[in-house]
Amino acid sequence: TQDYDDPDFAGISNSSNDPVQARYNNCGVVHIQKFLADRPDFIPDYILLSYGTNDRVTETDELSVEDMLAKETCTLEDAFGITGGMRWCIETLQEKFPEAKLVVLFPIQANPEKYSSKNQQNLDKIAKIKAMCDAYGIRYFDCYHESGIDQSNVATHLRDGLHPNIKGQLLHSDYVAGQLVEMETR
C-alpha cells in the first residue's frame, strides 16, 4: 500500500508536475530505479509489482506485446507504457534478484460513477499485463476479479474512486497475503 499523503510519494501525477515529469513519476521503472538506488544491499525473497488504474493503458508510441517481446533488447527509451515498462522491470529485477519470486498484481476495480471508462481500460491493460506475465512465466494475482473490491463496495472501499482507503487496503492485502500463502503451499 502507499501513503498517498507522504510528500515523498513519487506516484502522484498532478497539475503541479510538468507533463513529462508527471509521466515519468507514474512509471514502475522510476520506482524500481529508486528502490535499487536506496537499498543497494537488500535481497528480497518476493517482489510484487502492483499495477493500478492510473497506469497508462497505452502510450501513443507503445509497442504491442508481440513487438515488444520480439525486440532484441529493451532500452530505457522503450520502458514507458505497459509493455516496455513491464519488460524493463521484469528483466531488471530478474537479473538483479534471480532467486526472488516475482508476482504481478492486476489493478483493482474503479468506481464507475466517478470514472466511467476506467474499468474497461483496466480490462484492456490486464490483457497486456497477463500476456507479458505469460511470456516470462511470471505469476499474477487477479486483484481485479478476486480481491474483494468490486462494484458492490467501491463506494466504501475506495478513497477517491480509484485508490483503496484503509478498509480497501485491508481487503486487498488479505487477498494478496492469502494468494502468497497458497502459492507457497502448492
Side-chain angles (χ1 to χ4, degrees), residues 1-2 9-11 23-36 39 42-59 62-71 73-74 76 78-110 118-150 158 162-164 168-186:
T1 61
Q2 296 286 346
F9 177 57
R23 175 181 179 221
Y24 291 137
N25 281 355
N26 249 358
C27 180
V29 171
V30 172
H31 293 284
I32 299 297
Q33 289 172 322
K34 183 177 181 333
F35 175 81
L36 294 174
R39 303 188 69 187
F42 181 72
I43 306 295
D45 295 317
Y46 294 88
I47 300 169
L48 304 178
L49 294 178
S50 182
Y51 286 85
T53 301
N54 281 341
D55 290 319
R56 289 189 173 280
V57 174
T58 185
E59 296 286 345
E62 180 180 25
L63 294 177
S64 69
V65 171
E66 296 78 15
D67 289 343
M68 177 53 66
L69 293 171
K71 287 183 64 85
T73 60
C74 179
L76 276 176
D78 298 322
F80 297 94
I82 293 296
T83 60
M86 280 193 76
R87 179 173 173 184
W88 187 92
C89 289
I90 289 168
E91 290 178 359
T92 298
L93 291 167
Q94 286 180 330
E95 181 180 324
K96 177 80 174 160
F97 308 112
E99 301 300 316
K101 294 177 183 172
L102 184 58
V103 178
V104 170
L105 309 180
F106 291 173
I108 60 172
Q109 294 185 33
K118 290 291 188 183
N119 286 317
Q120 184 56 55
Q121 290 174 355
N122 277 344
L123 292 171
D124 295 342
K125 187 183 322 168
I126 287 167
K128 289 182 180 184
I129 294 169
K130 184 179 182 308
M132 293 296 290
C133 287
D134 289 345
Y136 282 92
I138 302 293
R139 296 268 319 207
Y140 53 83
F141 298 162
D142 188 353
C143 299
Y144 185 88
H145 293 102
E146 299 173 3
S147 71
I149 298 173
D150 59 32
L158 302 179
L162 299 177
H163 303 96
Q169 289 176 356
L170 290 171
L171 188 61
H172 189 234
S173 66
D174 284 348
Y175 166 73
V176 172
Q179 291 296 299
L180 287 169
V181 168
E182 184 178 315
M183 183 176 92
E184 284 305 306
T185 58
R186 287 186 193 163

How long is the straight-line distance from CD1 of Ile43 back to CD of Glu99, given to the nearest 0.5 Å?
10.0 Å
What distance separates Glu184 CD from Asp45 CG, expressed to the nearest 0.5 Å?
9.0 Å
Set out, in order, the CA-CA distance, both residues' side-chain angles and the distance that settles salt bridge (Lys or Arg N to Asp or Glu O under 4.0 Å) for Asp78 and Lys71, then state yes or no.
CA-CA 10 Å; Asp78 298 322; Lys71 287 183 64 85; 3.4 Å; yes
Taking Asp134 first and then Lys130, would you say they form a salt bridge - that is, a charged N and a carboxylate O separated by under 4.0 Å?
yes
List the steps, then state whether side chain to side chain contact (heavy atoms under 4.5 Å, CB included) holds for Leu49 with Ile32.
CA-CA 10 Å; Leu49 294 178; Ile32 299 297; 3.9 Å; yes
Ala131 and Val65 have their tightest heavy-atom pair at CB-CG1, 3.8 Å
With side chains defined as the heavy atoms from C-beta onward, is the minimum distance between Tyr175 and Ile149 less than 4.5 Å?
no
What are the two closest non-hydrogen atoms of Pro107 and Gly52, and how far apart are they?
CB-C, 3.7 Å
Would you name the heavy atoms of Ser147 and His172 that are closest together and state the gap between them?
CB-CD2, 3.8 Å
So which atom in Lys118 and which in Leu162 form the shortest heavy-atom distance, rounded to 0.1 Å?
CG-CD2, 4.1 Å
Does Ser173 use its side chain to pair, donor to acceptor, with the backbone of Leu170 at less than 3.5 Å?
yes
Rounded to the nearest 0.5 Å, what separation is found between the CD atom of Gln121 and the CG atom of Leu123?
10.5 Å
With rounding to the nearest 0.5 angstrom, report the SG to CD1 distance, Cys74 to Ile90.
10.0 Å
Evaluate the ring planes of Phe106 and Tyr140, with Trp represented by its six-membered ring, and classify them as parallel (under 30°), tilted (30 to 60°) or perpendicular (over 60°).
parallel
Before you tell me yes or no, could you show the steps for Met132 and Leu69 under side chain to side chain contact (heavy atoms under 4.5 Å, CB included), namely the whole-Å CA-CA distance, both residues' side-chain angles and the distance that decides it to 0.1 Å?
CA-CA 8 Å; Met132 293 296 290; Leu69 293 171; 4.0 Å; yes
Could you report the tightest heavy-atom contact between Leu105 and Cys143, atom names first, then the distance?
CB-SG, 3.9 Å
Look at the side chain of Asp150 and the backbone N and O of Gln109, then say whether any donor-acceptor pair between them is shorter than 3.5 Å.
no
Side-chain heavy atoms of Glu91 within contact of Glu95, under 4.5 Å:
no
With side chain to side chain contact (heavy atoms under 4.5 Å, CB included) as the test, would you mind laying out the steps for Gln179 and Val103 before giving the verdict?
CA-CA 10 Å; Gln179 291 296 299; Val103 178; over 6 Å; no
Spatial distance of atom NE2 (His145) from atom CD1 (Ile126) [nearest 0.5 Å]
6.5 Å
Give, for atom CD of Gln94 and atom OH of Tyr136, the distance between the pair rounded to the nearest 0.5 Å.
7.5 Å
Considering all heavy atoms, the nearest Phe97-Phe42 contact:
CE2-O, 3.2 Å
Please lay out, stage by stage, how Met183 and Tyr46 fare under the test side chain to side chain contact (heavy atoms under 4.5 Å, CB included).
CA-CA 12 Å; Met183 183 176 92; Tyr46 294 88; 3.6 Å; yes
